[in-house]
Engineer: 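My structure is below; once you've seen it, I'll send some questions.
The first residue in the sequence is number 1, and the count goes up from there.
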Amino acid sequence: MSFSSETKAELCRQEILRKCCAQAECYGILLYANRFGHREARIITESADLAARLPILFKRAFHITFDRLPEEESGKRVFSVTDPDKLSQLWAAFGYDPGTSVAHHINFAVLEEDHCRAAFFRGAFLAGGSVTDPSKSYHLELTTTHRSVDRELLTLLREAGFDPKSADRGGVHMAYFKRSEDIADLLTAMGAPLAAMELMNAKAEKDLRGGVNRRVNCDAHNLDKAVDAAQAQLEVIRRLSERMDLSELPPKLAEAAKLRLDNPDLTLTELSALCQPPITKSSLSHRLKKLGELVEG
């Protein structure tokens, strides 16, 4: 099961307590479903969890049953209301007049309470939403064919403290999120805290892995620099030894040269600890630079 399917399954386990929230969830489903017209309200879903929830939800919200139920237990499941009286009841509940309404709009008056708005978001997501596997990327979207509904959903989301982006693609209008924190907050608000937690855990794991990789890369880079520096120091000492006996050098410089020749793989910090007495890394670096100056001179 995909992460999106698991999220919808969790949302469908939400108890249907308040009638107003049941209606708000149905409202979101209808506006983001396949059809909500004068002659038919049609919902098509491949989610077994949503298919099980829909009859209970509409019964709780409007005391109505579907005129068409799925013929198959898998694949695309079709729910439909065609009875004129039932359709009139649905339209009236959301303040629509089938005779005058040209385009769908969100009736903000029926979504005044925060819990009703959260239920509306849940319904919209169940019917027209998806969320990607957080181990791969961060993306949650809500798509509808109703342009006005999409624009008004953006307003609703912003009023609720979210910051969605929007896009239009071939007659489909989409509100979407790319930031993991925004997606987690919306999932929690809709009633999917487990999915939100899984997302944040995946983010933490990716951040940790990225931090480890950065540190490994940094360590490798520093090691390469240290190796290159050591090789350059060895070359200086070899060139100097061709000109003179290294034992004739001042004691401190002779010690530095011998330590580097005897320990070509050690870092300056490790070499400085071998000096008698031990000195700082910068002091040893200064001595090795003096050797280089002797070669250049």
Engineer: Taking side chain as C-beta onward, heavy atoms only, is Val131 less than 4.5 Å from Ser4?
Structural biologist: yes

Engineer: Cys20 and Cys116: which non-hydrogen atoms are nearest, and at how many Å?
Structural biologist: SG-SG, 3.5 Å

Engineer: Which residue pairs pass the salt bridge (Lys or Arg N to Asp or Glu O under 4.0 Å) test when at least one of the two sits in residues 120-138, sequence neighbours left out?
Structural biologist: Glu25-Arg122

Engineer: Any idea which heavy atoms bring Lys19 and Ala61 closest together, and the distance?
Structural biologist: CE-O, 3.2 Å

Engineer: Do the non-hydrogen side-chain atoms of Leu87 and His38 ever get within less than 4.5 Å of each other?
Structural biologist: no

Engineer: Taking the side chain as every heavy atom from C-beta outward, state whether Ser5 and Glu46 have any atom pair closer than 4.5 Å.
Structural biologist: no

Engineer: Which pair of non-hydrogen atoms, one from Leu30 and one from Phe36, has the smallest distance, and what is that distance?
Structural biologist: O-CB, 3.5 Å

Engineer: I need the full list of salt bridge (Lys or Arg N to Asp or Glu O under 4.0 Å) pairs touching residues 81-92, with sequence neighbours left out, sorted by first then second residue.
Structural biologist: Asp67-Lys86

Engineer: Are any non-hydrogen side-chain atoms of Leu153 and Thr144 less than 4.5 angstrom apart?
Structural biologist: no

Engineer: Applying ring-ring contact (aromatic ring centres under 6.0 Å, His included), name anything that partners His146, two or more places apart in sequence or on another chain.
Structural biologist: His104

Engineer: Heavy atoms only: give me the nearest Leu268-Ser285 pair and the separation to one decimal.
Structural biologist: CD1-CB, 4.0 Å

Engineer: Going by atom type alone, with no hydrogens or angles, which donor-acceptor pairs under 3.5 Å involve a side-chain atom of residues 275-284 and a protein atom two or more places apart or on another chain?
Structural biologist:
residue : atom : partner : partner atom : Å
Thr280  : OG1  : Ser282  : OG           : 3.2
Thr280  : OG1  : Ser283  : N            : 3.1
Thr280  : OG1  : Ser283  : OG           : 2.8

Engineer: Using 30° and 60° as the class limits, which term best fits the ring planes of Phe66 and Phe58: parallel, tilted or perpendicular?
Structural biologist: tilted

Engineer: Tell me whether the rings of His139 and Tyr176 are parallel (<30°), tilted (30 to 60°) or perpendicular (>60°).
Structural biologist: parallel

Engineer: Ile64 versus Gln89: any side-chain heavy-atom pair under 4.5 Å?
Structural biologist: yes

Engineer: Any non-hydrogen side-chain atom of Tyr32 less than 4.5 Å from a side-chain atom of Phe125?
Structural biologist: no

Engineer: Is the shortest side-chain heavy-atom distance between Asp182 and Tyr138 below 4.5 Å?
Structural biologist: no

Engineer: Of all heavy-atom pairs between His115 and Cys21, which one has the smallest distance, and what is that distance?
Structural biologist: ND1-SG, 3.1 Å

Engineer: For residues Ala93 and Val110, report the shortest heavy-atom separation together with the two atoms involved.
Structural biologist: O-CG1, 3.9 Å

Engineer: In chain order, what residues pass the salt bridge (charged side-chain N to carboxylate O under 4.0 Å, His left out) check against Asp168, with sequence neighbours excluded?
Structural biologist: Arg147, Arg151

Engineer: Kindly write out the residues that satisfy side-chain hydrogen bond (donor to acceptor under 3.5 Å, both in side chains) with Glu10, not counting sequence neighbours, or none if the list is empty.
Structural biologist: none

Engineer: Is there a side-chain contact between Phe3 and Ser135 in this structure, where contact means two heavy atoms from C-beta onward sitting under 4.5 Å apart?
Structural biologist: no

Engineer: Salt bridge check, Asp49 against Arg53: does any charged N sit closer than 4.0 Å to a carboxylate O?
Structural biologist: no

Engineer: Take atom CZ in Arg60; do more than 12 heavy atoms of anything else shown fall under 6.0 Å from it?
Structural biologist: yes

Engineer: Without swapping roles, check the side chain of Thr143 against the backbone of Gly128 for a donor-acceptor pair under 3.5 Å.
Structural biologist: yes

Engineer: When clusters are formed by joining ILVMFWY residues with side-chain heavy atoms under 4.5 Å apart, either directly or through shared neighbours, do Met190 and Met200 land in the same one?
Structural biologist: yes

